Participant: 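Mind looking over this structure? Questions follow.
Predicted model only: the values in this text are computed from it and were never measured.
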2 protein chains.
Amino acid sequence: MPTDRSPTRIQKKNRATILEAALEVFSNHGFRGATVDQIAKAAGLSKPNLLYYFPSKEAIFTELLSGLLDTWLDPLRALDPDGDPLEEILAYVQRKLQMSRDFPRESRLFANEIVQGAPRMLDSLSKDLKPLLEEKSALITQWMDAGKLNRTHSKHLLFSIWSLTQHYADFDVQVRTLMEDEDPFDSAPQHLELMFRRLLAPDHIAG
Amino acid sequence: MPTDRSPTRIQKKNRATILEAALEVFSNHGFRGATVDQIAKAAGLSKPNLLYYFPSKEAIFTELLSGLLDTWLDPLRALDPDGDPLEEILAYVQRKLQMSRDFPRESRLFANEIVQGAPRMLDSLSKDLKPLLEEKSALITQWMDAGKLNRTHSKHLLFSIWSLTQHYADFDVQVRTLMEDEDPFDSAPQHLELMFRRLLAPDHIAG
DNA sequence: TCCTGATTTGACCAACTGGTCAAACTCACG
DNA sequence: CGTGAGTTTGACCAGTTGGTCAAATCAGGA
């Protein structure tokens, strides 16, 4: 087992390699569906060697989750109270859509976990996500009170943004099967822009 | 093994019981995460007895999938070319939302499978879902051509409906964690109605 | 009632899975 | 170089899992 001392070059490299491999495997098969052997193979290590760096399969998974959740929520944190409300939200939508295109494995990792009841994530949801949602949905409600946005249920609005954008990562196989000829990510930005602009633009200055 | 003859009373009952139990277990844990023992226990049968009615775990799963996909797509089939376009689509949205409330296990069963690449469903997607999507998205495009609906990408529109409505079943744990005090299904219908009405209403007769 | 096919089960098996361990090997540094 | 800590691995283990099988039990028509 690696000591408590500052990590060696090898430790740093191998832990990173393992987490990358784990992301690949866990996002494709879920926690239960993934095997330590699969992860080890994907990382180019033997199973005992992998377990030299992490005490258990569960430990890999939870470290991966908590490490990724933070960056996953960055776009929402970036919602700026001082920006133009409509443009802030539209930009958030596009940023989230970009993340579905660029980091689909992260999205599927969370999706897998939550669909199955989030047994290893409920804490993070209440502790990290909930306060952030409360803060930002309050901000959005303020914007609506000020007449800068058409009035909607601000929490459902955020759920809608998550749902619509992550759909393109989580259900990628289905979307691509049904859109053979066209890359979904070519037309999705326009579609979502239109959708949220018409929903939120005050007094119908819709695009 | 049951013979090819017409099923006995016991066969009918037990096969139905098993499929119900399998839905419960598979929707909560995914294919790999579910065990035959779990299903047998949930069905109140011994494992060998369960395997007397189905040849394998895989067979239970595929029969369950194909049996449910049909009814799952009924609301889309019901989209009526002769109805009022906007009301037809809004009604479809509400029907789908109802299904998320009333049959969340079915929704999660499909979600689990598709997030993991739909290894056992790709055929059904191309063979059953694709033609239906083509038919209905063509219908919607016609409606838009006729000026009955605001113009959008009709396939993305259908993806959006699926995504938004099924989100309340698939991500139920997350939604409820973040909405402690309120039942999501109380306010979701209004929210989605507003969303699609504003998106689709021609010349802005928005609600 | 009796008999035959349908149903149920305890015991079992081979493959897989997460994890352990002692021995071997490698690397950086004095 | 040599040496001790850091790293890697083959062999192994116990628990789980999907599935089999022969024997036991049950149901219903003649």
Participant: Where each residue is assigned the nucleotide of DNA chain D containing its nearest heavy atom, which of A:L50 and B:K47 is assigned the position nearer the 5′ end?
Facilitator: A:L50
Participant: If the threshold is 4.0 Å, N to carboxylate O, is there a salt bridge linking B:E88 and B:K136?
Facilitator: no
Participant: Indicate the ring-plane relationship of B:H191 and A:H156, choosing parallel, tilted or perpendicular according to the 30° and 60° boundaries.
Facilitator: parallel
Participant: Would you kindly compare A:I10 and B:R32 by the position of their nearest DNA chain C nucleotide and give the one closer to the 5′ end?
Facilitator: B:R32
Participant: Between B:R95 and B:D74, is there a side-chain N and carboxylate O pair less than 4.0 Å apart?
Facilitator: no
Participant: May I ask you to check if B:R101 and B:Y168 form a cation-pi contact, with NZ or CZ under 6.0 angstrom from the six-membered ring centre and within 45° of the axis?
Facilitator: no
Participant: Rounded to whole Å, please give me the gap between NZ in B:K13 and P in C:dT7.
Facilitator: 11 Å
Participant: Figure out the NZ/P separation between A:K41 and D:dT8, and round it to whole Å.
Facilitator: 19 Å
Participant: Does any donor-acceptor pair link the side chain of A:K57 with the base of C:dG19 at a separation under 3.5 Å?
Facilitator: no
Participant: From CD1 of A:I18 over to C1' of D:dT8, roughly how many Å is that when rounded to an integer?
Facilitator: 12 Å
Participant: Using heavy-atom distances to pick each residue's nearest nucleotide on DNA chain D, tell me which of A:Y53 and B:R9 is more 5'.
Facilitator: A:Y53
Participant: Which whole-number value in Å describes the distance from A:F31 CZ to C:dT17 P?
Facilitator: 13 Å
